[in-house]
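Note sheet for the following structure.
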Protein chains: 2
Amino acid sequence: MSQLTDRQKQIVDATLDIIATIGIQNLTIRKLAEKVGVTEGAIYRHYPSKDEILVSVAGYFKSESTVILQQIIDSEGSSVHKIKMFFLGRCRQFKDNHALALVLFSDDIFKGSGRVQAEISATIHSHGRLLVKIITEGQDSGTIRANIVAEHMFMMIMGALRLLVTRWRAADFGFDLLGEGEKLWASIEALVTPS
Amino acid sequence: MSQLTDRQKQIVDATLDIIATIGIQNLTIRKLAEKVGVTEGAIYRHYPSKDEILVSVAGYFKSESTVILQQIIDSEGSSVHKIKMFFLGRCRQFKDNHALALVLFSDDIFKGSGRVQAEISATIHSHGRLLVKIITEGQDSGTIRANIVAEHMFMMIMGALRLLVTRWRAADFGFDLLGEGEKLWASIEALVTPS
DNA sequence: GTCTATAGATCGATAGAC
DNA sequence: GTCTATCGATCTATAGAC
């Protein structure tokens with residue numbers, strides 16, 4: 001974690017790019033070196049092993065994904081507004097950083113390297129708990145329908161976002177994710193707010 | 001497609017099992033042969049290549065996932081009942097066949113073998129269109145809230161199911177998927193039916 | 001249809017010159 | 001810090017005996 005050198009940042013970016021385009025099962029040091037523009041041996045001057053590169057990728061994911069959470073905690077709006085901020089904020093992040101969508105929504109990328117897997121799922125889990133808490137607060141204050149399990153509401157909202165992003169990736173990023181995200185959010189808000 | 005020999009079925013089952021446990025990036029002919037109980041050379045008597053085994057896996061997925069769709073088409077219930085049948089039917093299928101959940105909900109399993117990837121996503125897409133059509137019919141007949149885009153409603157329902165299954169897998173199948181699915185469905189039904 | 005044995009390619013990682 | 005060169009392991013796939 002902490003700070004990466006310029007080369008390390010290049011390597012992490014190249015790794016994400018390769019995973020996004022040809023899948024983790026085709027991620028090799030050779031292809032990585034080729035994309036960075038150095039030889040295979042040079043890669044090992046910056047990382048001791050391939051696994052350690054994936055650890056770095058996971059760290060990058062963690063810091064990026066936490067940014068929006070902090071903005072929400074500091075925000076003053078209603079519960080619905082906070083969740084909307086998260087929802088559209090993620091769309092904006094993915095639009096600016098396609099590879100991030102991949103890391104956040106692929107369950108099997110880090111399978112095999114157990115340590116990385118555990119860290120990522122812990123992060124996702126803690127973020128989820130925060131959002132469920134916000135939903136519960138909204139239910140208590142009457143801005144969100146109260147006769148539904150908050151956890152289930154969270155699953156529908158995040159699940160829909162994930163499906164949207166999955167389609168966006170399948171379409172080779174060929175539509176406006178933020179625009180479609182706003183439309184989808186309008187439907188979600190209509191469903192979860194009291195009528 | 002068509003019929004598999006007993007050995008081919010064994011190989012497909014073993015493939016799914018390996019993918020489910022240690023990930024596709026660790027799927028090798030050696031591990032496959034070991035699990036089936038024969039040597040590596042023997043595998044190639046039943047399949048010409050590793051890729052062709054994955055094609056078989058995809059075919060198996062396709063036939064399994066279509067079963068419930070046909071039941072729904074033939075059913076006589078309301079739109080809400082049909083979607084519930086699909087939702088809980090999938091839970092039941094996954095409970096009986098853990099590996100199926102993996103194939104249905106992993107975007108990156110078949111990345112790299114473009115032909116398989118295309119076939120699977122086409123199947124998922126056509127199933128989705130059928131469910132959206134059922135939702136639209138429900139909206140027209142008044143059993144489903146009509147002021148929401150049907151496509152978005154579909155995304156929330158399927159997204160929630162996916163998230164539930166993802167958690168079930170992460171928990172090593174350690175809770176009752178069908179029971180939790182029924183609770184989740186109750187929340188979904190409360191949200192999507194007119195109040 | 002299964003075995004042993006092996007070819008040929010590619011993988012992660014290292015050594016040593018510069 | 002990058003290069004060339006290479007090691008040892010492992011991969012997919014094949015050949016030939018039984």
Side-chain angles (χ1 to χ4, degrees), chain A residues 2-60 103 108-117, chain B residues 2-60 106 108-117:
Chain A
S2 72
Q3 216 61 348
L4 301 181
T5 65
D6 287 352
R7 261 285 186 258
Q8 283 179 320
K9 183 83 171 64
Q10 277 181 22
I11 293 172
V12 166
D13 285 342
T15 302
L16 282 167
D17 199 44
I18 290 174
I19 293 176
T21 49
I22 56 176
I24 183 129
Q25 66 264 41
N26 297 118
L27 172 69
T28 64
I29 298 294
R30 179 164 303 175
K31 293 202 181 81
L32 201 47
E34 191 179 341
K35 193 170 274 291
V36 174
V38 296
T39 60
E40 300 160 62
I43 296 290
Y44 287 94
R45 284 279 156 186
H46 303 278
Y47 281 104
S49 70
K50 185 181 172 182
D51 266 355
E52 214 55 39
I53 295 174
L54 288 176
V55 171
S56 230
V57 170
Y60 169 78
V103 177
D108 300 295
I109 281 192
F110 299 105
K111 197 159 215 164
S113 53
R115 161 180 159 213
V116 185
Q117 171 104 355
Chain B
S2 71
Q3 216 60 348
L4 300 181
T5 65
D6 287 352
R7 260 287 187 255
Q8 284 178 320
K9 183 82 171 64
Q10 277 182 22
I11 293 172
V12 166
D13 285 343
T15 302
L16 282 167
D17 199 43
I18 290 174
I19 293 176
T21 49
I22 56 176
I24 184 141
Q25 66 264 41
N26 297 118
L27 171 69
T28 64
I29 298 294
R30 178 164 305 176
K31 294 202 180 81
L32 201 46
E34 190 180 340
K35 193 170 276 289
V36 175
V38 296
T39 61
E40 301 161 60
I43 296 291
Y44 288 93
R45 284 277 155 187
H46 303 279
Y47 282 104
S49 71
K50 185 182 173 182
D51 266 355
E52 214 55 39
I53 295 174
L54 287 177
V55 170
S56 229
V57 170
Y60 168 78
S106 270
D108 299 296
I109 282 192
F110 298 105
K111 197 160 219 164
S113 53
R115 161 180 160 213
V116 186
Q117 171 103 356

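Naming: A, B, ... by sequence-line order, numbering from 1 per chain. Note that the structure is a prediction, hence the values are computed from the model and not measured.
Distance, Ile29(A) CD1 to dC11(D) C1': 17 Å, rounded to whole Å. Distance, Glu34(A) CD to dT10(C) P: 13 Å, rounded to whole Å. For Leu27(A) and dG12(C), the CG to C1' distance is 12 Å, given to the nearest whole Å. Straight-line distance from the CG atom of Asn26(B) to the P atom of dA9(D): 19 Å, rounded to whole Å. Atom-to-atom, CG of Leu32(A) to P of dA13(C) comes out at 12 Å; the value is rounded to the nearest Å. Spacing between atom OH of Tyr47(B) and atom P of dT12(D) amounts to 16 Å, rounded to whole angstrom units. The distance from atom NE2 of His46(B) to atom C1' of dA13(D) is 15 Å, rounded to the nearest whole Å. Put simply, CG on Asp51(A) is 11 Å from P on dG12(C), counting in whole angstrom units.
For the pair Ser49(A) and Ala42(B), both in contact range of DNA chain C, the more 5′-proximal nearest nucleotide belongs to Ala42(B).
For Arg30(B) and dC11(D), the shortest distance from a side-chain N or O to OP1 or OP2 is below 4.0 Å. Listed pair Thr39(B) / dC3(C) meets the phosphate criterion, a side-chain N or O lying under 4.0 Å from OP1 or OP2.
Put simply, CG on Leu16(A) and OH on Tyr60(A) are 6.5 Å apart, with the number rounded to the nearest 0.5 Å. Interatomic distance, Leu54(A) CG to Ile24(A) CD1, rounded to the nearest 0.5 Å: 5.0 Å. Between atom CD1 of residue Ile11(B) and atom CG of residue Asp6(B) there is a gap of 11.0 Å, rounded to the nearest 0.5 Å. The CD atom of Gln10(A) lies 12.0 Å from the NZ atom of Lys35(A); values are rounded to the nearest 0.5 Å. Atom CD1 of Ile22(B) is separated from atom OG1 of Thr28(B) by 7.0 Å, given to the nearest 0.5 angstrom. Note that CD1 of Ile43(A) and OG1 of Thr15(A) are 8.0 Å apart. Values are rounded to the nearest 0.5 Å.
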Pairs under 3.5 angstrom, nitrogen or oxygen only, protein versus nucleotides 14-18 of chain C, please.
none

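Looking at the side chain of Thr28(A), the nearest of the listed nucleotides dG12(C), dT2(D), dA13(D) is dG12(C).
Using a 4.5 Å heavy-atom cutoff, the side chains of Tyr47(A) and Ile29(A) are not in contact. The shortest distance between side-chain heavy atoms of Arg45(A) and Val38(A) does not fall below 4.5 Å.
Listed by residue number, Arg7(B) are the residues of residues 5-15 of chain B with a heavy-atom contact under 4.0 Å to DNA chain C.
Applying the salt bridge (Lys or Arg N to Asp or Glu O under 4.0 Å) rule to pairs touching residues 24-34 of chain B yields Arg30(B)-Glu40(B), sequence neighbours excluded.
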